Structures are given as structure tokens and as C-alpha cells.
There are 2 protein chains.
Amino acid sequence: MSTTQSESHVLSKSCQYALRAVVYIAANATPSHLTGAQEMADSLEIPKHFLSKILQQLTRNQLVSSTKGPNGGFYLSEENERTTIDRIVEIMDGPGLFKACVLGMPECSAVHPCPLHFQAVDYRDGLYHKLKRLTIQELADVVHKGHVQL
Amino acid sequence: MSTTQSESHVLSKSCQYALRAVVYIAANATPSHLTGAQEMADSLEIPKHFLSKILQQLTRNQLVSSTKGPNGGFYLSEENERTTIDRIVEIMDGPGLFKACVLGMPECSAVHPCPLHFQAVDYRDGLYHKLKRLTIQELADVVHKGHVQL
DNA sequence: TGAATAAAAGACCCTTATATCCTTTATTCA
DNA sequence: TGAATAAAGGATATAAGGGTCTTTTATTCA
């Protein structure tokens with residue numbers, strides 16, 4: 001009974017990598033030692049070239065900072081550290097994730113709900129509101145205390 | 001500042017179509033008038049051939065019933081009507097969705113959590129337990145009462 | 001029986017996500 | 001200044017998801 005399953009996910013792989021990378025930078029970069037793409041790729045076990053692409057995207061959107069050349073690499077400005085998780089998700093996966101209907105219907109709302117609207121909406125909104133208040137720095141702190149793996 | 005976003009989603013399109021189709025069948029098929037793929041495709045605005053393939057997958061897994069030939073089509077047995085939503089999701093998208101880590105880490109659990117584990121897990125499990133108790137028939141009833149759009 | 005109907009099945013194509021590679025630009029420091 | 005380093009950028013490859021088309025099989029009914 002072979003069934004071809006479409007392996008779905010909440011966050012794209014790019015977004016997952018982006019979040020882990022940014023938290024890694026927050027937890028490991030210091031003014032005297034910036035974090036390089038190579039170091040991150042090794043430590044987080046993310047394909048290096050793919051990670052570089054993602055980091056580029058984040059810097060272009062000013063969610064992480066970088067400098068080129070020897071001793072160059074990535075770091076977070078004070079402002080970068082206060083970035084909330086939802087911002088990263090939005091940059092990587094677009095604004096749709098926390099707004100779109102579970103069943104993909106264009107007109108789904110509390111007034112014209114799809115059959116799963118009320119089952120799904122609190123799940124979605126609950127997560128969204130948490131991520132909207134949670135900063136990179138806060139996650140990095142938890143990592144530093146060793147309570148969590150990256 | 002062009003950012004190539006990877007449009008993520010909770011349920012795959014195949015799964016969204018599958019759920020809508022099954023609820024449609026439950027709400028519209030009668031012993032004297034089975035629902036055809038064409039009718040469903042038209043009514044739900046789903047590409048017909050794609051829908052057919054999905055329906056095939058569901059019948060192969062005995063979540064919907066069908067007969068060929070003139071006046072043939074799809075219908076739900078009594079047992080089919082009591083199928084819970086999580087079963088459909090599992091057939092279409094695999095068993096991973098409600099178990100996998102938000103950040104895609106293989107070893108994520110309450111003991112070795114990823115940075116977002118506790119933020120995500122209760123919502124994920126909450127939705128899962130709802131879908132595990134919710135049947136096709138129950139959704140079809142809501143549709144019949146006109147409270148919901150398909 | 002045979003023509004018409006509708007699902008089952010399989011081959012195929014297009015788009016997007018994921019991943020890799022190569023070249024260019026900026027920076028450091030000997 | 002120039003060699004080395006590391007990010008930025010662009011072009012390309014691979015895989016999976018989404019979608020289409022054609023043929024086969026089962027069923028009905030005239």
C-alpha cells in the first residue's frame with residue numbers, strides 16, 4: 001500500500017537554518033572573534049554554501065551584520081539582538097504563514113470559516129504571539145545557560 | 001531588497017485537497033448519487049487530474065470507497081465516516097508533522113529541547129489532539145448546517 | 001454483446017525548494 | 001603593494017511537490 005507522502009512542515013528548511021544560525025551567532029560571536037560561515041556550517045551541520053546564501057539574505061535585510069576579509073564574519077548589533085523571531089520567519093518564509101488558512105482557502109475567516117478554522121486558529125495565533133515577543137537575545141541566553149541544544 | 005521566500009505551510013496542498021474532498025463526499029454523496037471526480041473538481045475548484053490521483057491514494061488506503069462505471073463515483077462507508085482527521089493527514093503528509101521538531105532537529109524533546117521546543121510543543125500537541133478526536137462526519141455535519149464553506 | 005461511463009494506473013512535465021560551485025568585492029596584514 | 005581571507009553575488013544542478021495527459025480496467029445499460 002505505497003502512499004507517496006509530501007512531507008510537510010511548519011517552517012521551511014531555510015528558515016530553520018536561519019533561526020539556528022542567528023541564535024548561534026548571538027551565543028558565540030564576540031567583538032574580537034566574529035563567527036564565520038565555515039565555523040557555523042561545521043558546528044550546526046548545515047551545508048556551508050546553502051548557509052552562506054541564507055546569511056546573505058539575512059544581512060541584506062539587516063537582521064545580522066557582517067564584515068569581509070580576514071577576521072571577518074558575522075555578528076549581531078545591539079539592535080539585531082532585539083530582533084524578534086517572527087521577523088526572521090517573515091523574511092525567510094514570507095508573511096503568509098501565520099495568516100493563511102490551514103486548508104488553503106482564500107476567504108477563510110471567523111465570519112466565513114473553513115471546516116477546520118476554529119480548530120486551527122488558536123494554535124496558529126498562539127504560536128505567532130509568542131514568537132512576536134521572543135527575541136534572538138532571549139534564545140541565546142537559554143543556549144548559554146546550557147538548557148538547550150542548537 | 002528582494003528576498004526569495006520559500007512559502008512554507010502546515011499541510012501540503014495534496015492534504016488540503018484531500019480533506020476538502022473527503023468532507024465534500026461526506027456532505028454530498030448519497031447511495032443513489034455518488035460523487036464523481038469531475039463534480040468535485042468543479043465544485044471545489046481543484047485541478048481534476050490532480051484530485052483524481054489524491055482520491056486514488058485515499059481509496060487505496062480505504063479512507064474512501066468507490067465504484068467504477070456509469071453512475072460510479074466516490075462515497076463513504078459508515079466506517080469511512082468515522083475516520084478521524086489525523087488519519088487523513090497521516091496518509092497524505094506522513095506521520096512526521098505532529099512529531100517533528102520546529103527547527104528540524106533530530107534529537108529534540110523535553111529532555112534535550114531545541115530553543116523553540118517549549119514555545120511550539122503545546123500548540124502542536126493541542127492541534128493534534130483535536131484532530132485525533134474529530135471525524136469526517138462531524139465536519140460534514142457542520143457543512144450541512146451551512147455554518148462553514150468548503 | 002457493445003457502446004458509454006468513470007475510476008485506476010502510469011508516464012510525463014513544470015515549478016519551487018534545496019544545494020553546490022565559481023567569480024567578484026572588500027578587508028587585513030606582512 | 002600584494003597575498004591571503006572571508007563575505008557577496010550569480011549561475012547552475014538536483015530533488016520533491018504540484019499538475020497534466022493517456023491508457024487500462026471495471027461497470028452499466030441499451
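Residue numbers begin at 1 in each chain, while the letters A, B, ... track the order of the sequences. Keep in mind the model is a prediction, meaning the values are calculated, not measured. These values consider heavy atoms only, across backbone and side chains, with no hydrogens, waters or symmetry-generated copies.
Helical stems of DNA chain D (runs of at least 3 Watson-Crick or G-U pairs, donor-acceptor distances under 3.5 Å) are listed by first residue: C:1-30 with D:1-30.
Hydrophobic clustering, with ILVMFWY side chains joined whenever heavy atoms are under 4.5 angstrom apart, groups A:Tyr123 together with B:Val148.
Looking at which nucleotide of DNA chain C each of B:Lys53 and B:Thr35 is closest to, the 5′-most match is held by B:Thr35. Remark on DNA chain D: of its neighbouring residues A:His49 and A:Ser6, the 5'-side contact belongs to A:His49, judged by nearest-heavy-atom nucleotide. Between A:Gly73 and B:Cys15, the one whose closest nucleotide on DNA chain D sits nearer the 5' end is A:Gly73.
Listed pair A:Asn71 / D:dA4 fails the phosphate criterion, with no side-chain N or O lying under 4.0 Å from OP1 or OP2. When the side-chain nitrogen and oxygen atoms of B:Thr67 are compared with OP1 and OP2 of C:dA7, none of them lie within a distance under 4.0 Å. Contact annotation: A:Ser52 does not reach the phosphate of D:dA8 (side-chain N/O to OP1 or OP2, under 4.0 Å). Look at A:Tyr17 and you'll find a side-chain N or O under 4.0 angstrom from OP1 or OP2 of C:dA19. Distances shown here put every side-chain N or O of B:Thr4 at or beyond 4.0 Å from the OP1 or OP2 atom of C:dA17. Distances shown here put a side-chain N or O of A:Ser14 below 4.0 Å from the OP1 or OP2 atom of C:dT18.
One can place CD1 of B:Ile54 at 15 Å from C1' of C:dA7, the figure rounded to the nearest angstrom. In this structure, B:Gln5 atom CD and C:dT18 atom P are separated by 13 Å, rounded to whole Å. The distance between atom CG of A:Leu97 and atom P of C:dA17, rounded to the nearest whole Å, is 13 Å. In this structure, NZ of B:Lys13 is placed 12 Å from C1' of C:dT16, rounded to the nearest angstrom. Between B:Gln56 atom CD and D:dT20 atom C1' there is a gap of 14 Å when expressed in whole angstrom units. The NZ atom of B:Lys68 sits 7 Å away from the P atom of C:dA9 (whole-angstrom rounding). As a whole-Å value, the separation of B:Phe74 CZ from D:dA26 C1' is 13 Å. Rounding to whole angstrom units, CD of residue B:Gln62 and P of C:dA7 are separated by 18 Å.
Side chain of B:Thr59 to main chain of B:Gln56: a donor-acceptor pair is present (N/O by atom type, distance under 3.5 Å, no hydrogens or angles). Within the 3.5 Å criterion, the main-chain N or O of A:Glu138 finds no donor-acceptor partner in the side chain of A:Asp141. Judged by distance alone, with hydrogens and angles left aside, the side-chain atoms of A:Gln16 form a donor-acceptor pair with the main-chain N or O of B:Val102 at under 3.5 Å. A:Arg124 contributes a side-chain N or O that, together with a main-chain N or O of A:Ala100, makes up a donor-acceptor pair within less than 3.5 Å.
B:Leu131 contributes atom CG, which lies 8.0 Å from atom CG of B:Leu11 (distance to the nearest 0.5 angstrom).
Counting heavy-atom neighbours within 6.0 Å of A:Lys13 NZ, excluding the residue itself, gives a total of 12 or less.
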Atom pairs and distances, side-chain donor-acceptor, residues 21-38 of chain A, under 3.5 Å, sequence neighbours left out:
unit_1, atom_1, unit_2, atom_2, d
A:Tyr24, OH, A:Glu39, OE2, 2.9
A:Asn28, ND2, A:Tyr24, O, 2.9
A:Thr30, OG1, A:Ser32, OG, 3.4
A:Thr30, OG1, A:His33, N, 3.0
A:His33, NE2, A:Glu39, OE1, 3.1
A:Gln38, OE1, A:Lys48, NZ, 3.4
A:Gln38, NE2, A:Asp42, OD1, 3.2

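Closest approach to the A:Arg60 side chain among D:dG9, D:dT20, C:dA19 is made by D:dG9 (side chain taken as heavy atoms from C-beta onward).
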